[in-house]
Asks: 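Provided herewith is a single structure, encoded as structure tokens, for subsequent inquiry.
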Amino acid sequence: MGNSILIIDDEPDICRLLQLNLSKYGYKVKYVHALSEGWQFLRSHPTDVLFLDIHLPDGSGLEALPQIKKLYPALQVITISAYDNGLEKEKALTAGAAHFLPKPFNVGKLQEIITDVKVSD
């Protein structure tokens, strides 16, 4: 696995928290706040891991996930959501997500998931 991470989430605080913690481990982290911005970034920047919020202002990350995986099959996608009802997690994993990270999350869980994605890559 390389070290390029994109975060697509409409909550600035979540983006900054993820960026701060992932940067400590040597990852290059970029974030955007809308699905449309994420698509633009993916088209022009090689990305190894994507943190994808399920509920975005301009669309559903869950609905975009199959297309993302079709266009970028090697991309490791970690879906994130404040709605952890089990159903979204199941849908995300079925659609190709490597992991589902419920909000709020702790930093230890974040590192555990990144390590797992890195090992399984």
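This structure is a prediction, so every number in the text was calculated from the model and none was measured.
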Asks: If you take all heavy atoms of D53 and S81, which pair is closest and at what distance?
Replies: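 That closest heavy-atom pairing would be OD1-CA, 4.0 Å.
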
Asks: Quick one: which of V49, I5, L52, L110 gives a side chain to side chain contact (heavy atoms under 4.5 Å, CB included) with I78?
Replies: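 Going through V49, I5, L52, L110 one by one, the side chain to side chain contact (heavy atoms under 4.5 Å, CB included) with I78 is satisfied by V49 alone.
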
Asks: Quick one: closest heavy-atom pair of Q76 and A98, and the distance?
Replies: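 It is OE1-CB, 3.5 Å.
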
Asks: Got a second to check how far I54's CD1 is from K89's NZ, nearest 0.5 Å?
Replies: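 It is 11.5 Å, given to the nearest 0.5 Å.
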
Asks: Does a side-chain heavy-atom distance below 4.5 Å link V32 with D9?
Replies: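 A side-chain contact is absent here, since even the closest heavy-atom pair is not under 4.5 Å.
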
Asks: Could you tell me if the side chain of Y27 sits less than 4.5 Å from the side chain of I114, heavy atoms only?
Replies: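 Yes. Closest side-chain heavy atoms under 4.5 Å.
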
Asks: Just how far is it from atom NZ of K28 to atom OG1 of T47, taken to the nearest 0.5 Å?
Replies: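 That separation rounds to 10.0 Å.
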
Asks: Looking at P12 and D10, what are the two nearest heavy atoms and their distance?
Replies: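 Closest approach of P12 to D10: CD-O, 3.2 Å.
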
Asks: Could you list all the ring-ring contact (aromatic ring centres under 6.0 Å, His included) pairs where at least one residue sits in residues 44-78, not counting sequence neighbours?
Replies: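 Only F41-H45, H55-Y83 qualify under ring-ring contact (aromatic ring centres under 6.0 Å, His included).
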
Asks: Could you list the residues that satisfy side-chain hydrogen bond (donor to acceptor under 3.5 Å, both in side chains) with E11, not counting sequence neighbours?
Replies: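 E11 satisfies side-chain hydrogen bond (donor to acceptor under 3.5 Å, both in side chains) with K103 once adjacent residues are dropped.
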
Asks: Applying the 4.5 Å side-chain criterion to the ILVMFWY set and letting contacts propagate, would I80 and Y31 be lumped into a single cluster?
Replies: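 Yes, because I80 and Y31 connect within a single hydrophobic cluster, where side-chain heavy atoms sit under 4.5 Å apart.
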
Asks: May I ask you to say whether E88 pairs ionically with K91, meaning some side-chain N is under 4.0 Å from a carboxylate O?
Replies: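 The answer is no: the pair does not qualify as a salt bridge.
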
Asks: Pick one: which of L50, L65, L93, L101 meets side chain to side chain contact (heavy atoms under 4.5 Å, CB included) with T79?
Replies: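 Going through L50, L65, L93, L101 one by one, the side chain to side chain contact (heavy atoms under 4.5 Å, CB included) with T79 is satisfied by L65 alone.
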
Asks: For D58 and S36: C-alpha separation, side-chain torsions, deciding distance, then whether side chain to side chain donor-acceptor pair (under 3.5 Å) applies.
Replies: CA-CA 7 Å; D58 63 341; S36 57; 3.0 Å; yes

